[in-house]
Amino acid sequence: MEVPLYQGFVLAVTIMREATDEFRRFQRDKEVNSQLYSKLTVRGKMQVKSSDIQVGDLIIVEKNQRIPSDMVFLRTSEKAGSCFIRTDQLDGETDWKLRVAVSCTQRLPALGDLFSINAYVYAQKPQLDIHSFEGTFTREDSDPPIHESLSIENTLWASTVVASGTVIGVVIYTGKETRSVMNTSNPKNKVGLLDLELNQLTKALFLALVALSVVMVTLQGFSGPWYRSLFRFLLLFSYIIPISLRVNLDMGKAAYGWMIMKDENIPGTVVRTSTIPEELGRLVYLLTDKTGTLTRNEMVFKRLHLGTVSYGTDTMDEIQNHLVNSYSQTQSQASGNNASSAPPRKAQSSAPKVRKSVSSRVHEAVKAVALCHNVTPVYEARGAAGETEFAEADQDFSDDNRTYQASSPDEVALVQWTESVGLTLVNRDLTSMQLRTPGGQILTYCILQTFPFTSESKRMGVIVRDESTAEITFYMKGADVAMSTVVQYNDWLEEECGNMAREGLRTLVVAKRALTEEQYQDFENRYNQAKLSIHDRTLKVAAVVESLEREMELLCLTGVEDQLQADVRPTLEMLRNAGIKIWMLTGDKLETATCIAKSSHLVSRTQDTHVFRPVTSRGEAHLELNAFRRKHDCALVISGDSLEVCLKYYEHEFVELACQCPAVVCCRCAPTQKAHIVKLLQQHTGRRTCAIGDGGNDVSMIQAADCGIGIEGKEGRQASLAADFSVPQFKHIGRLLMVHGRSSYKRSAALSQFVMHRGLIISTMQAVFSSVFYFASVPLYQGFLMVGYATVYTMFPVFSLVLDQDVKPEMAMLYPELYKDLTKGRSLSCKTFLVWVLISIYQGGVLMSGALVLFESEFVHVVAISFTALVLTELLMVALTVRTWHWLMAVAELLSLGCYVASLAFLNKYFDVAFITTVTFVWKVSAVTAVSCLPLYVLKSLKRKLSPPSYSKLSS
């Protein structure tokens with residue numbers, strides 16, 4: 001009867017634990033789905049839950065609110081008719097993207113007029129690609145009908161955040177059709193490697209059970225109804241199958257989870273999937289995101305280099321002094337000859353080149369940095385939000401109230417730096433820009449043209465006219481590769497760029513060219529013509545711009561640092577020493593990714609990096625793979641597009657080569673691509689993978705990996721909610737894996753083998769007993785003895801193995817090499833399993849035969865001697881297995897022994913109480929127990945002397 005009851009209990013525990021995990025997930029989803037948004041209707045605004053939004057609704061989204069579904073952008077409160085959105089949750093890029101409202105609806109006088117027009121939006125069917133969109137907007141009630149083409153810049157995708165103004169959009173995709181959901185894969189139910197290994201061993205034990213029963217029936221000689229005997233034997237030996245293993249392991253996992261969350265060294269860590277803590281101890285590949293995971297996503301200006309002189313963070317005050325001097329000189333000049341301020345300037349520019357003073361060169365460089373960008377200063381409105389946004393009077397133009405908006409954090413860092421040295425950007429619109437000098441004078445510049453940054457050109461430019469002197473200047477800044485061909489000959493640029501990149505700084509080269517009015521007019525005509533051409537428009541426009549980009553005057557080189565998260569370097573170093581291979585998968589640009597890989601020491605200083613050239617066809621991929629094969633011990637840097645081509649034609653070869661690299665960096669990765677890489681590693685290597693990220697674009701990767709870790713970062717909580725473990729900072733991973741992962745795996749391995757041993761030993765005794773008594777299918781121990789043996793007498797000490805540790809946490813952190821041993825899976829293997837089986841057979845045999853040899857008259861004595869010796873043996877075996885004693889373990893041992901001794905008084909129906917109290921009983925039990933345990937103790941101490949485990953060398 002006790003077996004079904006016990007199975008019911010086991011199932012109930014497992015179901016309860018899974019149910020609580022599911023319920024927590026349900027609550028988190030509900031929280032997200034019940035966020036409120038304003039919906040615009042004919043009767044005015046009304047609040048709707050995000051789960052009730054339907055296609056065709058007009059939704060109003062405020063600043064800093066998340067966009068609930070994919071929309072076409074109709075109107076905004078910003079005067080320019082455009083807004084910025086943050087897309088880090090979608091593509092991992094931290095720069096803000098500019099989005100433009102449909103001009104037809106933006107021009108309408110008031111919000112309510114949206115309902116007075118007759119128009120419709122056509123959108124293509126839902127697609128995966130987050131960077132493209134095709135659609136049209138048609139207004140039918142005007143004459144002739146207005147058609148506007150819609151592209152990606154008119155869209156607001158779900159999961160992005162509005163960074164400026166209030167926006168109104170019409171919903172085009174919801175739910176599973178939104179781009180963000182289409183780019184996340186369905187989560188799988190994760191099962192740990194340890195559980196899979198135990199399942200295999202349990203199958204082996206089941207086969208052993210059947211075989212043993214068949215042998216017993218065969219020895220009986222198949223006499224009478226033999227099949228009935230077969231089933232009786234199957235039931236008698238059913239203890240071979242460790243039913244209680246599931247309960248013990250589940251309780252163990254819960255205990256590990258509790259220990260992780262209570263660890264004061266990694267505060268804020270949350271275990272969301274309680275079924276796989278042991279996975280943390282078996283990892284070979286760690287796939288990490290870059291932005292927000294390794295880096296903080298905060299840019300800081302570090303270095304300005306002018307060729308002959310370089311300024312670092314500690315010498316910025318010199319720049320400030322130069323600026324103050326040069327501006328006070330120009331001001332006194334201007335006031336001295338007010339009428340003729342322009343002519344001397346003109347004469348000066350046409351004069352032969354004289355070596356400029358450092359002061360004027362610093363001045364020119366800072367001015368160029370302050371003008372060449374597309375940053376907009378924003379002032380928060382002081383009055384109530386809403387309509388007052390348009391009232392200029394309410395705005396506060398003080399320095400404390402100014403924030404900068406741009407599509408790249410680098411640019412903001414540069415403008416903030418010019419502000420810190422005294423040249424402040426105070427205002428900007430589409431046609432002009434205003435700077436404030438250290439003396440408080442306002443300089444106005446008219447913006448004639450801007451050439452935005454593209455990944456092809458790798459540079460951006462701006463042509464401005466100084467309002468006070470009417471000088472026209474073309475400023476340009478960009479990556480050193482793009483700029484080195486454009487600037488005049490010099491001997492320092494390449495070398496200094498290399499030096500800065502080695503320090504992990506992101507470099508930008510700044511240059512300028514003065515234009516005469518005639519030169520500019522000529523350029524403008526050609527540029528406008530090129531913009532109107534139908535064929536090869538981009539090529540023609542690029543050619544016209546290139547005609548300006550010649551012999552430019554090199555002004556300076558700037559270095560900006562993307563600050564790393566705290567302790568990223570030592571953590572990566574530790575993981576590498578632990579034998580974990582680290583891959584960085586990022587949506588960011590190749591240069592940035594390589595730069596961070598070096599500065600975070602993901603790629604060590606001495607290592608070479610092989611940048612995989614862009615490939616588009618099978619032949620190119622073949623050549624490039626061969627080139628890569630010839631390199632040894634170098635890190636690989638590859639872009640998402642090239643990766644796609646390689647995987648299409650040479651999947652196996654590529655993965656094999658990449659796995660040999662010490663580090664791999666994949667840049668420009670789409671979210672689904674990240675998940676695809678994880679699955680490839682799992683299929684090709686069969687090793688355990690771990691993914692760590694902090695943005696919505698990392699969710700697919702986190703769910704695909706065997707173990708997903710989310711970081712609660714600036715990019716929201718999407719990743720940390722989808723992950724199995726969530727940590728507040730990257731540096732916590734070191735302790736999570738080295739200490740908790742390692743001990744969880746070792747403890748679970750010891751615990752599960754011990755539980756199997758507990759079932760095997762009693763089945764061996766039953767087998768010996770049946771053999772001695774002519775293969776009778778009679779149980780050795782009745783009713784309560786069996787239930788007590790599996791629960792009260794041995795449960796606590798066996799479970800206390802979850803407190804065991806082989807080395808102190810500090811040691812495990814100091815010697816990450818200890819972690820390497822675990823990946824081979826030696827703590828629980830066929831070898832260790834067989835050792836435990838042999839121990840069980842030996843002990844079971846000794847206990848039973850010892851009791852049979854030593855008993856005198858009655859059969860009850862056999863039961864008493866063997867059962868007492870069995871319980872003692874179990875308790876001693878726990879004591880033998882333990883590596884570091886914990887006070888709770890000692891309590892558990894004594895408690896179990898106490899329970900057994902106390903219960904002897906009530907077990908008079910099984911034992912002869914008079915016999916138990918005699919000295920004979922005591923010495924017989926002691927002798928049998930000694931024979932079963934002493935040899936094992938001797939063997940164990942010999943093994944520790946002759947081949948000590950790696951950790952014992954450290955703890956001594």
Side-chain angles (χ1 to χ4, degrees), residues 35-50 52-90 96-117 119 121 137 150 152-174 178 180 375-397 401-407 428-430 716:
Q35 283 180 339
L36 292 176
Y37 287 89
S38 297
K39 173 178 164 182
L40 197 63
T41 61
V42 187
R43 289 187 294 283
K45 295 181 187 177
M46 57 181 277
Q47 296 282 313
V48 286
K49 282 186 186 175
S50 62
D52 296 337
I53 292 174
Q54 294 173 344
V55 174
D57 285 354
L58 295 177
I59 302 293
I60 302 170
V61 186
E62 304 288 341
K63 181 176 174 179
N64 289 333
Q65 212 178 1
R66 195 167 291 290
I67 294 170
S69 53
D70 290 358
M71 313 198 288
V72 165
F73 183 14
L74 299 180
R75 266 182 87 85
T76 172
S77 60
E78 301 283 295
K79 285 203 287 297
S82 60
C83 78
F84 282 108
I85 58 169
R86 296 202 292 270
T87 59
D88 40 28
Q89 284 286 321
L90 194 61
W96 294 6
K97 307 284 187 300
L98 186 73
R99 291 289 183 260
V100 182
V102 176
S103 57
C104 175
T105 47
Q106 179 66 27
R107 280 198 307 264
L108 296 173
L111 249 187
D113 296 342
L114 282 171
F115 292 104
S116 63
I117 62 169
V121 172
F137 179 92
L150 302 177
I152 184 72
E153 62 176 19
N154 306 110
T155 59
L156 302 167
W157 294 147
S159 292
T160 59
V161 177
V162 178
S164 64
T166 304
V167 303
I168 291 129
V170 57
V171 177
I172 49 172
Y173 309 120
T174 57
T178 59
S180 59
V375 180
T376 314
V378 178
Y379 299 91
E380 293 294 322
R382 274 298 158 96
E387 292 309 306
T388 51
E389 277 193 37
F390 299 108
E392 292 284 318
D394 293 342
Q395 291 194 353
D396 168 11
F397 289 104
N401 192 36
R402 183 189 317 109
T403 52
Y404 293 113
Q405 285 188 356
S407 62
R428 180 192 181 127
D429 51 38
L430 294 174

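Because the structure is a prediction, the values reported are computed rather than measured.
Residue Asp113 holds its CG atom at 11.0 Å from OG1 of Thr105, rounded to the nearest 0.5 Å. For the atom pair CD of Gln47 and CD1 of Ile60, the computed distance is 9.5 Å after rounding to the nearest 0.5 Å. For the atom pair CG (Leu108) and CZ (Phe115), the distance works out to 12.0 Å, reported to the nearest 0.5 Å. Here the straight-line distance linking atom NZ of Lys45 with atom CG of Leu58 works out to 12.5 Å at 0.5 Å rounding. Rounding to the nearest 0.5 Å gives a distance of 14.0 Å between CZ of Phe84 and OG1 of Thr160. Here the OG1-CD1 distance, from Thr174 to Ile172, works out to 10.5 Å after rounding to the nearest 0.5 Å.
Residues Lys39 and Asp52 have side chains not in contact (no heavy-atom distance under 4.5 Å, counting atoms from C-beta outward). Put simply, the side chain of Val167 reaches to within 4.5 Å of the side chain of Phe73, judged on heavy atoms. Side-chain contact between Leu150 and Thr155 is absent, with no heavy-atom pair separated by less than 4.5 Å.
Among all heavy-atom pairs drawn from Leu98 and Ser82, the shortest one is CD1-OG, 3.8 Å. Between Leu74 and Phe137 the shortest heavy-atom distance is CD2-CE1, 4.1 Å. Nearest approach of Val375 to Arg428, heavy atoms of both residues: O-CD, 3.0 Å. Taking each heavy atom of Asn154 and Val100 in turn, the nearest pair found is ND2-O, 3.1 Å. Smallest separation of non-hydrogen atoms from Ile53 and Val171: CG2-CG2, 3.7 Å. Listed here is the closest heavy atom pair of Gln106 and Glu78: NE2-O, 3.8 Å.
Between the side chain of Tyr37 and the backbone N or O of Ile67 there is no donor-acceptor pair closer than 3.5 Å. Formation of a donor-acceptor pair under 3.5 Å by the Arg99 side chain with backbone atoms of Cys83 is not found in this model. Put simply, the side chain of Arg75 never gets that close to the backbone of Leu114: no donor and acceptor are under 3.5 Å apart. Looking only at distances, a side-chain donor or acceptor of Thr76 sits under 3.5 Å from a matching main-chain atom of Thr166.
Each of Thr87, Ile152, Leu156 was compared with Lys97 under the side chain to side chain contact (heavy atoms under 4.5 Å, CB included) criterion, and only Thr87 meets it.
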Should Val61 and Met71 be marked as a side chain to side chain contact (heavy atoms under 4.5 Å, CB included) after you check the CA-CA gap, both sets of side-chain angles, and the distance that decides it? CA-CA 11 Å; Val61 186; Met71 313 198 288; 3.8 Å; yes
